[in-house]
Amino acid sequence: MDAVILNGISKSFGDVRAVGNLSVRVPQGSIYGFLGPNGAGKTTTLRMIMDIIRPDSGHIELLGNRSIKNARGRVGYMPEERGLYRKMTVANVLAYFGAIKGLSSREAAERVPRWLSRVKLGETAGKKVEELSRGMHQKLQFAVTAINEPELLILDEPFSGLDPLNTDLLKSIILEMRDEGKTVIFSTHVMHEAERLCDFILLINKGQAILDDRLTGIQARYKSGAVRLEAEGDTGFIERLPMVAAVKPEDKGLEVSLTGGGDPQELLRALVDRLRVNRFEVKVPSLHEIFVKLIGSDNAEDS
Amino acid sequence: MQKILKIAQREFVETAKTKTFILGLVMGPVIIIAIIFFTSLASDGKTGARPPVNVLITDLSSQVFAEGDNSTFHDYNKSNPNRQIQISKLAAGPDPNAAAEEGKDSLRKGRCHAYVVLDEGIVQNEGKIRIYTYKPKPREIDIIGTVRYLLREAVRNQRYEAQNLSAELVNKLQDVQIEQIEVGPDDTDRVQSQADTGAKFMIPFAFMFLVYLGMVGTGQHLISSVIEEKGSRIIEVLLSAVSPFELMAGKIVGLAGVGLAIVGVWAAVAYVMAAWHDVSIEITAELMLYLVVYYILGFLLFSSFFAGAGSICNTIKETQGLMMPIMMVVIVPMISWWKLVQNPDGTLARALSFVPPLTSMVMVLRISAGSDIWIGEILGSIALLAATVVLAMWAAAKVFRTGILMYGKRPALREVFRWLREG
């Protein structure tokens, strides 16, 4: 079953077409990355899923419902523009958002401390929100999103403003939630975050879907046919092997490009007889490379 | 519904913690008490000290101030040692006009506070008393009034004497004691004091003011609450959990509680103060019912306006431009309340009753002023007001939904009307 179905949705703001005829199916229990440069239409798409703005045309299905009203309690949304009541305490803010998402006060009493310790904010429960640092604020915002333990999490740029430690904490929580069978959609323009987290990738640019597939499928489709190699001995002969198109030095080793039908296994077999191979890696194209290749380097804002 | 109540609860609790709210709650009663305190002080204040007042007198009759003094002024000065009125005479001489010019001149030079000319035939009911003043200060006006009263007394006493009447006897004959008694439903007859008569006029105003306060004063809280959520970008987080309508409804319900708390405290303090000063306030069940109905409808009308206005603005400052017109309208019954109380069935009162933003205030004023309003007029005004409320809520919900996510420049009103049409 699909958690979210977008069927030909379009949205324009004045003369600007933010999203054009976009169709996506997000399978249940997956992590789906919405990637694209700034202004590609990621936030607009997520807002339309949340019924915060309405599409000009097309329709959206959420957890099997045509109307968000029936599904709102089962979804957690963390917007790109985020804020919390600055004068309230951390625990009160979390309990309040839990309550308006339909938690009973008994459930809230149990979940608020649990989620605060899960995002490592247990110590700050009695502090006012305005006393928190930016990173802590961000983690609290995530806890607010997840407090009702929704079936579907929609996160708009969840890692912006977080240090590597907190980024890893958030990623591990997202993976845990996926393993519990929950669906996660998040948007980012930082490619390597998506690479380490996503099962599926949707690449959008100027409101159009450019790529929509499993991460593994994308990597297979755009594989470069190259091998990274580190070995001891005379490597001069490699150039003359039949399956090799070109060799160029790279860092401590070599990057070997194969011919069209060249099999990396054949190459390895040929090498082990004559060299001591320390490292042999079939090169997988990074999303960054695919991104740049498809959209053009002048569009890439970040790697 | 659960969500609306949750939002309302937070709105109430957080507003109740703000300084503005606490100030509003405390300041009102403090002002009421202060006014009552100072009014009673001012009425006793006649005995308070003030510098002596100089009055220059030209007595053309040569009878009233024959000996350079007068027994009426003499008695006054004796019983008010702190508030002396000093009389000095300016002789008329052969030309009365020359004396008058001299008197006016010393007025201009500040040598006296008032210059008085008594005509020659004043004791024979011919001519008059002229009191000249030059740029009197506001605090001197009261004193001039006293001088005027004393002059009249002095001339009257002189007239009695001329008629061979005893001043004492005439005063005795004039003294008629009257007591006005209002009969209660049981044995609780009460003597009406001056204060009761004053209260008859003030109470309708007090009720109207409470309605005004509950509607408009609470609006400030509503606007600042909406602006805060917009400014700190909480709106989108909230909208992922509740619909815009639920959010708006929750806020309005919460602030209705805030308004009731303030109005309740004020009304209670006013009631206690009135009872303490022995002023009877009679509130019938009928009046209470109308008060509540008109208050709730008026509150809803203003709240939807404030919610809509708050949602399209980014700062409190921006909202002020939008508030101006509505404030100008609301000020009308505040200015004309005296006319409305005296003539609660007049054309002005009836016309204003059917201007929806004013209906609540004017109708509460009219009903509590004891006017026998035809029931059809009451029901008609309620129906018109209720219809306006429905329309305003519908429009506010639409504007709120779009406006609340808009940042940057405040949209022009033309564009807001477009949202209403498209919705």
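Chain A is the first sequence line, chain B the second, and so forth, proteins listed ahead of strands; every chain is numbered from 1. Keep in mind the model is a prediction, meaning the values are calculated, not measured. When reading the values below, keep in mind they use all heavy atoms of this one structure, side chains included, and skip hydrogens, waters and symmetry mates.
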Item to check | Salt-bridge criterion met for A/R74 and A/E151 (N-O under 4.0 Å) | outcome: yes
Checklist entry - So B/R10 and B/E229, salt bridge (charged side-chain N to carboxylate O under 4.0 Å, His left out) or not? Walk me through it. => result CA-CA 13 Å; B/R10 195 206 74 89; B/E229 280 170 11; 3.8 Å; yes
Item to check | A/H189 side chain to A/E157 side chain, donor-acceptor N/O pair below 3.5 angstrom | outcome: yes
Checklist entry - For the side chain of A/S117 and the backbone of A/K120, is there at least one donor-acceptor N/O pair under 3.5 Å apart? => result no
Item to check | Residue part contacting chain B, namely of A/Y85, when any heavy atom lies under 4.5 Å | outcome: both
Checklist entry - Do side-chain atoms of A/S30 reach the backbone of A/Y32 as a donor and acceptor pair under 3.5 angstrom? => result no
Checklist entry - Is a side-chain N or O of A/K42 found less than 3.5 angstrom from the main chain of A/P37, in a donor-acceptor match? => result yes
Next on the checklist: I'd like to verify something: which residue of A/R82, A/M50, A/K87, A/E80 has the highest number of heavy-atom pairs under 4.5 Å with chain B?
Outcome noted: A/R82
Checklist outcome for this item: If one checks every heavy atom of B/E14 against chain A at 4.5 Å, the contacting part turns out to be side chain
Next on the checklist: Whether the A/D156 and A/S187 side chains hold a donor-acceptor pair (N or O, under 3.5 Å, no angle test) is what I'd like checked.
Outcome noted: yes
Next on the checklist: Only pairs of heavy atoms separated by less than 4.5 Å count here; which of A/T145, A/D51, A/N148 has the most with chain B?
Outcome noted: A/D51
Next on the checklist: Can you tell me which of B/Q2, B/K3, B/K17 forms the most heavy-atom pairs within a distance under 4.5 Å of chain A?
Outcome noted: B/K3
Item to check | N-O pairing of A/K171 and A/E176 below 4.0 Å | outcome: no
Checklist entry - Heavy atoms under 4.5 Å from chain A: which residues of residues 230-246 of chain B carry them? => result B/S232, B/R233, B/I234, B/E236, B/V237, B/L238, B/L239, B/S240, B/A241, B/V242, B/S243
